[in-house]
Structure formats: structure tokens, C-alpha cells
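Written out below as C-alpha cells is the structure these notes cover.
By convention in this document, chain letters (A, B, ...) are assigned in the order of the sequence lines, proteins followed by strands, and residues within each chain are numbered from 1.
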Amino acid sequence: MGSLQLKSIRKAFGSHEVLKGIDLDVKDGEFVIFVGPSGCGKSTLLRTIAGLEDATSGSVQIDGVEVGHVAPAKRGIAMVFQSYALYPHLSVRDNMGLGLKQAGVPKTEIEEKVAKAAGMLSLDPYLARRPAELSGGQRQRVAIGRAIVREPKLFLFDEPLSNLDAALRVNTRLEIARLHRSLKATMIYVTHDQVEAMTLADKIVVLNAGRIEQVGSPMELYNRPANLFVAGFIGSPQMNLIDAAKLDDRDAKTIGIRPEHIGLSRETGDWQGKVIHVEHLGADTIIYIESETVGLLTVRLFGEHRYAADDTVYATPVIGSMHRFDAEGRVIRSGQ
Amino acid sequence: MSKARASYIRIGAVHAALIAYTLVALFPVFLTIANSFKSRNAIFREPLAIPTPETFSLIGYETVLKQGDFVGYFQNSIIVTVVSIALVLLFGAMAAFALSEYRFRGNTLMGLYLALGIMIPIRLGTVAILQGMVAADLVNTLTALILVYTAQGLPLAVFILSEFMRTVSDDLKNAGRIDGLSEYAIFLRLVLPLIRPAMATVAVFTMIPIWNDLWFPLILAPAEATKTVTLGSQIFIGQFVTNWNAVLSALSLAIFPVLVLYVIFSRQLIRGITAGAVK
Ligand SMILES: Nc1ncnc2c1ncn2[C@@H]1O[C@H](COP(=O)(O)OP(=O)(O)OP(=O)(O)O)[C@@H](O)[C@H]1O
Ligand SMILES: [Mg+2]
């Protein structure tokens, strides 16, 4: 239980079309992440799955059952919002138990489930408090607890960690990964954060302007991007995109090389250039090079390196690591 | 050091301004109450003096309580005011929720139409209202007043409350929907508690004109049994002679119920504000 099928979902607000035909299959127990630029329709899609927004056309099926006319509370889903959305006038215990209470679950059973979820999320000391008396991280855990208690077939997360600071974000991310393993539930998760997407997902869905650009495992998207958009969106720093004409490649329009797939040397190499800026990150060194042949290049070297601005260097791409794209931005796979 | 002194001066100036304003605002109230405890001659000889043992007199209050059914008038005023406020808040909040929460055709037009009453005084329609009340056989009933005051208070209530409801987080309402709350429960249990300060504001703004109104009680319900305090006090104001003792006493008495209601609402106001601050 817990599969989801979307069939050509469209959604328009007035004349403004936000979702332009989304088809997606999510298998039971999968952790699926939606990524995409701001305003591309991620939240709208999530709300459509939850039933908080009616699709203009298309069908949503949960476990093979059409849920177009089923109320959000009856869809067997739970949602965690970016703004926590806890009920300000209820205690943590009542916040977590409200859904079950509305569903008519007996009191003792609610107590039990709330206690269990609170245990999982180390919320026991706070059960009697109001949301206003909790820290941001604790509030987010309550919001997650409220979702767990309902034992949904499908968890929906809308950027649940974006209001937390960096350290807390890592902790909560691990907690969500652990939850996914222990609950074995299907999860759909929206995020802006690449690291979150790459580390949590079984499957990443890249959205752009209301359309799906590519669906695949994190490594598939990284190693075999289907088009220019995905190539540029996945991976940080961004992939170098070079005009194919500069490399005398007549079949392709654009050539992409990831910064980590370029070697650097002071003596010899394919492309001569001048260092314009260096970022020392400890584990990595990011070097920006202006080259006469290929223009601006970003290179990522592992470990510490002593390059400085104005040094003359030679960059060489790792063989077989180039991505070639045609005039429409689609990847060219033949020949490689 | 000099900075501290400068801020003392600034704080002093602010306080002086506020105290001056308070004095100006309270002066008529003070004058009314002080003079209501004086004999008729003292009121005219020294209107600004506070009552002394020689000038002290309860004659005004005695007249008021003997003349007519003043307790009854109070009751009428309180019933009309409280019921009208309750209806204005209930219907105003319901309309505001629909306007702010749901997308439907004509939403904006409907909002404008409902707010129109803020700019057009209801008294323009007095003749039609009177005809309507006569036809409905409601003349000389408190119901007539309550209906008119509810209509009069609604536009501002809808306007203020819908603005406030737009600020209530969508996520919160959506979380309620996922937890299985009905739209009624979302309205009553999530949204209303969060806009309590706005409700208190609307209540205060609605209450004062209703309590002080002379026009509609005079036209729609002038009978002895349905007189309000404001109308009841008018019997002491004659064309040639005015019984100032009685007028001032009646006015002093009329201040207290409003004061009580105001204190109740303003407590809500303050509690609402502090609850929002820590969110
Ligand atoms: N209720 C609404 N009425 C009209 N337009 C809306 C509404 N909700 C969203 N939109 C529009 O739909 C588009 C997609 O919004 P959505 O919130 O789904 O984006 P998103 O991908 O979640 O962005 P972000 O990453 O910034 O959260 C936006 O252009 C937005 O302006
Ligand atoms: Mg969003």
C-alpha cells in the first residue's frame, strides 16, 4: 500500500497554467523528491496530490483508487508544511492527536500512538507545551510527529527543513531518512536543497515551468542528465556548458563538463587559461579559469591546492565525461 | 550622559503630549460626572467646580430614577447593543471568511458591494426602512433596532475581518483540512481564535454608535416599553426648560455599561496581541 499514479495533471489559476501535464508513477515505499526552480509548481503539485487544490484536468490515484473527489482527510495522506502550521492554541499532544480525534479513534489508542511518535522524535518532555513555547527544530519535529501519528499511506513534505539552521537541518534530515527506513512508508518531498535531494531520494523528479524534465535516481541524474536544464540544475557547482563550435564538434550545440571532471596542470594540457578566482573550501578547491579556447571554466579539485589568481594553467577534461546536447537542449547519446 | 538627558526630554515630551490629550479627552466626561452630583444653582454658578458639601446634591439621580422606567431603558439599550454586536460579529466573520478563503466568480465585486455601506450612511434609507418595518409589523420592537444596527455594523466588520483573515496562514487551514476538520471547524476553531483582536476592534467600533444612537430609536421604537437610554434622557431636554441635573445624571449612568463592555473587549484585544507576538 502507498503507491501513487499521476496522469496528465494540469492545473491553471485563471488563465495562468501552472502544471502543464504531469505524469508520474511512485511505487510503494519509495522516497521521491521534487526539485526545481522557485515558482515551477512543486507546491501546487503537492497540494493537488493532497486534495487541497483541485486539478483542472487529469487524475490522481492512490493505491490504484481514483481520489479526485475524496476529501484530503480521507486520502490516507499526511502533510508537513514549511511553516510548521501547528495549531497555536493546542498543546503538542493535542496537535499530534487532532487528526485521530476527528477520525473517531478511541482516546486510549490516540494516547498510545502519540506517545509512540513522541518517543521516536524525542518529544516526550514537551507534550504539554504550546507550540509558542518550543524552538524551531522542536516545532518541526512536532509537525513531523503529527504526520506520523496518522499512519498515512503517503507522506507529503513541502520544504520541511528550509526554516532550520544548517546544523539542525542535517540532524533532521538524518531523522527523516531513519523514519523512512523504519516506517517503510511512501514519501514525497519538495526541496530546494540539492544535498537533501541527493542524499534522501530513491528517485528525483526535476520540474521546470510546470513540466517534468527528468525522473531518475540521484546518480542517474548526475551521470546521465537527459537535457541541458537537468544538467545545469543538478550538481554544485554547476556543470560547465561550452559552445560546441569552440571545440569543433559539428553534431552538437553545447558540450557539458562537470567541474570535478577537469584536471589541472601548470605545464601542459588541452586548454590554456588564466586563473581569475580561487575558493578554498578545505575538502575542495574551486578554481575559476578564463580560457581563450572555451571561455569561463569552473574546476573543482579535491583537497587543498596552491593556485592563485593570475596563474597560467592548463585544463584537461577527463576522457568520456563530456555530455553533448543538441540544438533543442536534448542529450546526444549515440557515439559515446 | 547628555544622550540620557536628551532621551529624558524626549520621553518627557511624549508623556506631556499624551497627558494633555488624555485631559482633553476626559474633560467632558469629568464635567458631566462632577456636575451630575451638584445642585442646579451650583451647576450654573460654578460649572467647573467639583462638588463640595454645600453644593452636593443627588436631585438629578432622584429625578431620573423616579421619572419613567429608567431601569427598563437600560435593559433595552443593553439588549439592543449586545445582540447587535453578536450578530454583526457572527455574520461579519462568516462573510469575511467566505470572501477571504474561497475563490469564486464575483468574489471581488461581492467584497466591494459588502463594503459599500461604509461610505453610504444607512440613515439615507430611513424612510424605506420605516416603511419596511411598518409592513413587517416591527415598529416599536427591539427587533427593529437590532436589525437596523446589524445592517449598519456589517460593512465595516466584513471589511476589517476579511483583511485580517487573509493574514491567517493557508498552511494552518490546510493542515486542519488534512486532519479532517470541516470548513465550519476551521472557521470556528482555527481562524476565529487567531483574529480575536480584530473581533474586539470591530466590537468596539460597532458598539459606540449603537449605544449613542438617537435617530432610529426615535423613529422606529419610541414607545415607552422599547425606549433606549439615549432616547429616555431626551425627556429632560425641553424646548424651553432643560432639567440639567437629570440630563447629566442620566448621561453619567449611561457611561458605565459602555465602559464595562469596553473593558471586556479591550482585555481580549491585549490578550490577542500578546498571543500573536510570541508565535
Ligand atoms: N492560489 C494561487 N493563485 C494564483 N496563482 C498561484 C496560486 N498558487 C500558486 N500560484 C502560482 O503558481 C506558480 C507555482 O507556485 P508553487 O507555489 O507551486 O511554486 P513552487 O515550485 O512551490 O515554488 P517555491 O519553490 O518558491 O515554493 C507560481 O507562479 C505562483 O505564482
Ligand atoms: Mg513551494
- Query: At a heavy-atom separation under 4.5 Å, does Leu181(B) approach chain A through its side chain, its backbone, both, or neither?
  - Reply: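 Both parts, backbone and side chain.
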- Query: Under a 4.5 Å heavy-atom cut-off, does chain A meet the side chain of Arg103(B), its backbone, both or neither?
  - Reply: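 The side chain, not the backbone.
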- Message: Other residues, nucleotides and ligands only: do more than 12 of their heavy atoms fall within 6.0 Å of CE on Met110(B)?
- Response: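 Open.
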Heavy-atom distance under 4.5 Å to chain B: side chain of [X], backbone, both or neither?
| X | result |
| --- | --- |
| Ala147(A) | neither |
| Arg146(A) | side chain |
| Ile77(A) | both |

- Locate the shortest heavy-atom distance separating Asn107(B) from Tyr102(B); write the atom from each residue and the value.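 Scanning both residues completely, I find the closest heavy atoms to be ND2-O, 2.8 Å.
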Can you confirm whether [X] sits close enough to [Y] that some side-chain heavy atom of one is under 4.5 Å from a side-chain heavy atom of the other?
| X | Y | result |
| --- | --- | --- |
| Leu156(A) | Phe81(A) | no |
| Leu145(B) | Pro217(B) | yes |
| Ile85(B) | Phe265(B) | yes |
| Val191(B) | Lys173(B) | yes |
| Phe13(A) | Val18(A) | yes |

- Message: Can you tell me which of His89(A), Lys101(A), Arg130(A) forms the most heavy-atom pairs within a distance under 4.5 Å of chain B?
- Response: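 Option with the greatest count: His89(A).
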- Sequence neighbours excluded - side chain to side chain donor-acceptor pair (under 3.5 Å) pairs with any residue from residues 5-15 of chain A: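 Output for this query lists Arg10(A)-Glu17(A).
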- Query: So, are Glu109(A) and Lys113(A) salt-bridged, with charged N and O less than 4.0 Å apart?
  - Reply: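 Salt bridge present between Glu109(A) and Lys113(A).
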- Query: What residues of residues 41-63 of chain A sit under 4.5 Å from chain B when only non-hydrogen atoms are counted?
  - Reply: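 Interface residues of residues 41-63 of chain A: Arg47(A), Ala50(A), Leu52(A), Glu53(A).
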